[in-house]
Amino acid sequence: MAKRRINDFTNAPLRRIGPDHHWRSLRRGDRVSVALTPGFAAHGVVDDVTGDATAVWVELDGGRGRTLVHVSDGVAIVPQDS
């Protein structure tokens with residue numbers, strides 16, 4: 001017998017995703033390491049954090065621009081020592 005599978009995402013249940021404890025402590029100007037995929041990390045400075053700490057804007061080093069990271073992206077943001 002086949003397992004039940006949801007093919008219609010409009011009826012799929014939503015679940016709340018909370019930020020990692022590191023995200024709650026981030027402040028504008030903090031140096032961070034952003035692990036985008038396994039084995040690849042980018043470094044930068046926190047430009048802004050949403051009030052609920054679920055999204056973080058990071059200005060990447062080397063003029064690579066500004067990126068928005070959300071908790072549902074599966075990306076790790078870890079503060080670096082200054």
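- If you chain together hydrophobic residues whose side chains sit under 4.5 Å apart, W57 and V34 never meet in one group.
- Looking at residues two or more places apart in sequence or on another chain, you find no salt bridge (charged side-chain N to carboxylate O under 4.0 Å, His left out) involving D73.
- Residue pairs meeting the salt bridge (Lys or Arg N to Asp or Glu O under 4.0 Å) criterion with at least one partner in residues 61-71, sequence neighbours excluded, are R31-D61, D47-R66.
- Nearest approach of L26 to V49, heavy atoms of both residues: O-CG2, 3.9 Å.
- Every residue meeting the side-chain contact (heavy atoms from CB on, under 4.5 Å) condition with T54, not counting sequence neighbours, appears here in chain and number order: P19, T50, D52, H70, V71.
- Of all heavy-atom pairs between V32 and Q80, the closest is O-OE1, 3.7 Å.
- Follow the hydrophobic side-chain contacts under 4.5 Å out from F40 and you reach V69 in the same cluster.
- The shortest non-hydrogen separation linking V75 to W23 is O-CZ2, 3.4 Å.
- V56 pairs with exactly one of D48, T67, V46 by the side-chain contact (heavy atoms from CB on, under 4.5 Å) rule, that one being V46.
- For R27, there are no salt bridge (charged side-chain N to carboxylate O under 4.0 Å, His left out) partners at least two apart in sequence or on another chain.
- As a member of the Ile/Leu/Val/Met/Phe/Trp/Tyr network built from side-chain separations under 4.5 Å, V45 groups with nothing else and remains a singleton.
- Residues forming a side-chain contact (heavy atoms from CB on, under 4.5 Å) with S25 (at least two apart in sequence, or on another chain): none.
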